[in-house]
Amino acid sequence: MADKEFTRDGVSRRQVLRAGAGVLAAGAVAAPMVHAQGTGGTLRCGFWDHWVPAGNGILRELAKEWGDKNRVDVQLDFVTSNGNQILLTINAQAQSRTGYDLMSFPTWEPSNHARMLEPVDDIMGRLIQKYGPVNPAGEYLGKQDGVWRAVPAVSGTQMKPPCVRFDLFKQHAGIDIREMWPAEPKPGPTASTWNWETFAVAAEKCNAAGFPFGLPMGSFTDAVDWVGALMTSYGAHLMDEKGNPTVRNNPKLRTAVDMLVRISKTLPNDVWAWDDGGNNRALISGRSALIFNPPSAWAVAKRDAPQVAENCWTVPMPAGPEGRFQPYLPYFWGIWNFSRAKPAAKAFLEFLSQREQAERQTNTSNGYDIPPFPSMADFKVWETEGPPVGSVYNYPLKPHHNARTSVAMAPAPAALAVQAYNQGLNTKLIARIVQGGESADQAMAWVERELNTIRRGG
Amino acid sequence: MAADGTLAAGAPRTAGHGRATTLERFARRRSTIAFMMTLPLILVVAGLVAYPAGYGMYLSTLNRRMTENIGFGNFEILFDSDTFWNVAWQSCIFAITAVVLKALIGFWLAHMLHDIPAKGQRKWRGMLLIPWVIPPALSTLGWWWMFDPSYGSINWLFSVVGGPQIPWLGEPWWARASIIIVNVWYGAPFFMIMYLAALKSVPDQLYEAAAIDGATGLQRLRYVTLPMMANIISITVLFSLIVTFANYDIVRVLTNGGPRDLTHVFASYAFQVGILSGNIPRGAAVSLFMFPILAICAFFVLRGVTRRNKEQM
């Protein structure tokens, strides 16, 4: 009776409800992994949109090769890190529990989303067996509570060693940096003098000559990374492995701070607000004798200022009392635990991490991408890139550098370190002294309070 | 008005039935029709305003891993943080200074435009509105290039005339000034157009009467223009205060909150803490701190508007 009363054009309410339920049921049944005819399913990947255009192309190429061989439809999207788009995408997908099957995760994101990432111990076990251990910084970031949560990626992973204008260095600081660090698998005769004291003296001389070092001191990654590497080379940490602040009565930290204050005084007066492009512009414009950066600045100089690029030489970081530490900023490839294509995702990541595929990625990025395994630091591309040929030979860590990778704020637990890192606490500590006019004790008391704030709230 | 329970006139009865059913009568009530017509808007407000706000409040009560409810713990932690109070102070300086400057410049521009003959007014109006119609993320990037101390055009112009080289974005007070300048440049046209519309609605007879009474220009402004524009000034200031307090893009592009967090506002700090540092609950707590401040402002401004309306009735 009621059906009839609501009938219009011969369609009853119950018919409409039934039809609606049918559509919903069909949708729900069809929703899981789509299998096209003759394929092993669909794998949706969100990779980092590479600075170097060819960096995306090689991933497309590799995806096609692997997809054709395994009959998997590999769909690639490239998510830019401009405007933190990749972070927003990761957070949105984590909140909604839907999105790509696997994604590129910037440095700290595997620890941020550890609970939602599929463990990849099986892949890492086989890769480590084949290629030896991953570098320690990669392990610190990718392994949470003893479980590998993401695979250290090749594409996008970078180091930030000094890129030196060897002509200016020789002329104003009296250091022949190419003789010190030649494009050979052995250090030069003066390599043992390459420490922070030598560096500070060179900074003072180059600044006096009108070519100050282009070292950012803001809260962007380039700034936090080099300051972190210097502190680590002095054995100075803001937090220990348990996350306790180690600022008070820490003579190593005090020595590192004194050195950073000394170097900061030789820098341009606007470095406190530089973003990650500030140092690149300083080098490319020909106004700076040294920056800490991957070879991207030099690569742009090759196009825009060839006379600058021809005089650039990448060398390892200066050493401190506790060793030589290279700023390291890796990407990871992780698989969401809500993915419906985990086996395919794992197989694809293992394929991408093989030496042959890693070398192809590094080659197409002109040597920018660094593989996570030290055993892969001998790719030919770093020897042949130029001009000048050999300019980026020392970009990856080589055994004769006697150096280790460094992540600022390590060894604190990643969940706490990421907050101190992104708030740039180490650079602000120096800025409060040099720019704000505070005493070292006042600035250190401030950073201790901030660290305690970070620790609270789980 | 019969928007409560009366039936809509002229609604046809169902064919073949002598009496409308209860459901039909319910559907024909004016209140039901009104509700159905506003339902899309209610759904939009619920989905895009109420739900995100509620979810934001819920998030702010969680711990960092979002596994446990810690009540007001995040707020307590923020209250103990020097940086947070610094951000709160900076947000107030930024919003109040920028809104006052925008209001003054907008008021002045509106008067200038109002005095231009109608024929030539349109092109000036169009030109002055340009900053407001360019997406701020884009125009701020242009400002950032101009402010760059080493390679920017502003310092280059200074160097041409022998002026000083200013670290626009590297020194705290200059950085604050730069952010306010860009915000005022972007927002003043909005005030101008609102005030111009208000000025055009002031009856000429009032000015004529004031002229007959011998009022000076300043007196006309004080006793005719300002009282007639009071409501639009209040509403515009409130609207701008809300938008300026929640500003994100200008700070993000120009300074990223630096140097030393001295240019952070609530939105940029919330993004740094919540998204960049992976502490979404604490980031939500930072952004929610704007709510009581703006609610208090809105209460006083809207109360003033209501009171003036009653006086005029």
Side-chain angles (χ1 to χ4, degrees), chain A residues 2 4-6 83-84 87-88 90-91 94-95 106 108-109 111-115 214 217-220 223 268-275 278 281-282 285 287-288 414-416 418-425 427-432 435-436 438 446 449-450 452-458, chain B residues 14 17 21 23-24 55 59 62-68 70 73-74 76-78 80-84 137 144 147-151 165-172 174-175 178 249 252-263 269 271-282 285:
Chain A
K4 275 195 174 174
E5 282 175 8
F6 278 88
N84 295 300
L87 288 181
L88 292 168
I90 289 168
N91 278 289
Q95 289 287 307
W108 297 98
E109 294 310 295
S111 70
N112 273 345
H113 298 285
R115 286 180 303 125
M217 287 298 293
S219 54
F220 284 90
N269 63 0
D270 56 331
V271 291
W272 312 101
W274 276 12
D275 62 4
R281 288 190 292 277
S285 65
R287 296 184 184 192
S288 182
L416 302 179
V418 59
Q419 299 182 62
Y421 180 96
N422 279 306
Q423 291 175 38
L425 291 188
T427 55
K428 282 176 196 158
L429 168 67
I430 308 305
R432 291 180 91 91
Q435 200 192 33
E438 291 182 14
W446 167 81
R449 287 198 298 277
E450 289 298 309
N452 280 322
T453 302
I454 285 171
R455 284 177 69 207
R456 293 169 63 191
Chain B
T14 310
H17 292 274
T21 62
L23 197 62
E24 276 180 307
Y55 190 59
L59 280 177
L62 301 179
N63 66 347
R64 198 194 81 85
R65 293 176 190 277
M66 295 197 275
T67 53
E68 195 185 319
I70 56 168
N74 281 315
E76 287 170 21
I77 293 165
L78 286 174
D80 288 342
S81 161
D82 295 349
T83 305
F84 175 74
W144 177 71
F147 279 134
D148 190 296
S150 306
Y151 319 102
Q165 293 294 291
I166 297 171
W168 289 100
L169 306 175
E171 199 277 325
W174 281 115
S178 304
D249 36 19
R252 181 72 181 84
V253 173
L254 280 187
T255 62
N256 196 34
R260 290 182 281 131
D261 291 329
L262 290 172
T263 58
Y269 187 60
F271 186 77
Q272 186 184 68
V273 172
I275 302 291
L276 295 180
S277 304
N279 196 338
I280 288 178
R282 204 171 295 173

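Every chain is numbered from 1 and lettered A, B, ... according to where its sequence line falls, protein lines coming before strand lines.
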S.K.: Taking the side chain as everything from C-beta on, heavy atoms only, tell me whether A/N112 gets closer than 4.5 Å to B/R64.
M.R.: yes
S.K.: Between B/S277 and A/V418, what is the shortest heavy-atom contact and its length?
M.R.: O-CG1, 3.6 Å
S.K.: At a heavy-atom distance under 4.5 Å, which candidate from B/N256, B/V273, B/N279 has the highest pair count against chain A?
M.R.: B/N256
S.K.: Quick one: are A/L88 and B/I275 in side-chain contact, heavy atoms under 4.5 Å?
M.R.: yes
S.K.: I'd like to know whether B/Q165 forms a side-chain contact (heavy atoms from CB on, under 4.5 Å) with A/N269, so could you lay out the CA-CA distance, the side-chain angles of the two residues, the decisive distance to 0.1 Å, and finally the verdict.
M.R.: CA-CA 10 Å; B/Q165 293 294 291; A/N269 63 0; over 6 Å; no
S.K.: Highest number of heavy-atom pairs under 4.5 Å with chain B: which of A/R449, A/Q419, A/R432, A/K428?
M.R.: A/Q419
S.K.: Between the main-chain N or O of B/R65 and the side-chain N or O of A/R115, is there a donor-acceptor pair closer than 3.5 Å?
M.R.: yes
S.K.: Side chain, backbone, both or neither: which part of B/Y55 has a heavy atom under 4.5 Å from chain A?
M.R.: side chain
S.K.: Quick check on B/F271 against chain A: is it the side chain, the backbone, both or neither that has a heavy atom closer than 4.5 Å?
M.R.: side chain
S.K.: Would you mind checking which part of A/A114 comes under 4.5 Å of any heavy atom in chain B, side chain (CB onward), backbone (N, CA, C, O), both or neither?
M.R.: neither
S.K.: Of the backbone (N, CA, C, O) and the side chain (C-beta and beyond), which part of A/R287 lies under 4.5 Å from a heavy atom of chain B, both, or neither?
M.R.: side chain
S.K.: Which bit of B/T67 comes within less than 4.5 Å of chain A, counting heavy atoms only: side chain, backbone, both or neither?
M.R.: side chain
S.K.: Please flag which part of A/A420 lies under 4.5 Å from any non-hydrogen atom of chain B: side chain, backbone, both or neither.
M.R.: neither
S.K.: About how many Å separate CG of B/L276 and CH2 of A/W108, when rounded to the nearest 0.5 Å?
M.R.: 13.5 Å
S.K.: Using a cut-off of under 4.5 Å on heavy-atom pairs, state which of A/G218, A/G436, A/S219 scores highest against chain B.
M.R.: A/G436
S.K.: Would a 4.5 Å heavy-atom cut-off, applied to side chains only, mark B/L262 and A/W272 as touching?
M.R.: no
S.K.: Calculate, to the nearest 0.5 Å, the distance between atoms OH and CG belonging to B/Y151 and A/D270 respectively.
M.R.: 8.0 Å
S.K.: Taking B/S81, B/A137, B/G274, B/G258 one by one, which has the highest count of heavy-atom pairs under 4.5 Å against chain A?
M.R.: B/S81
S.K.: Can you find a heavy atom in the side chain of B/P172 that is under 4.5 Å from one in the side chain of A/Q435?
M.R.: yes
S.K.: Heavy-atom pairs under 4.5 Å with chain A - which of B/L78, B/L169, B/T83, B/T255 has more of them than the others?
M.R.: B/T83
S.K.: If you measure from CD on A/Q95 to CD1 on B/I280, what distance do you get to the nearest 0.5 Å?
M.R.: 5.0 Å
S.K.: Side chain, backbone, both or neither: which part of B/W174 has an atom under 4.5 Å from a heavy atom of chain A?
M.R.: neither
S.K.: Hey, what do you get for OG1 (A/T453) to CZ (B/R282), rounding to the nearest 0.5 Å?
M.R.: 7.0 Å
S.K.: So what's closer than 4.5 Å to chain B heavy atoms on A/D275: side chain, backbone, both or neither?
M.R.: side chain
S.K.: Checking A/T427 against chain B: side chain, backbone, both or neither under 4.5 Å from a heavy atom?
M.R.: neither
S.K.: Which atoms of B/D261 come close to chain A, meaning under 4.5 Å heavy atom to heavy atom: side chain ones, backbone ones, both, or neither?
M.R.: both
S.K.: Do B/R260 and A/W446 come close enough that some side-chain heavy atom pair is under 4.5 Å?
M.R.: no
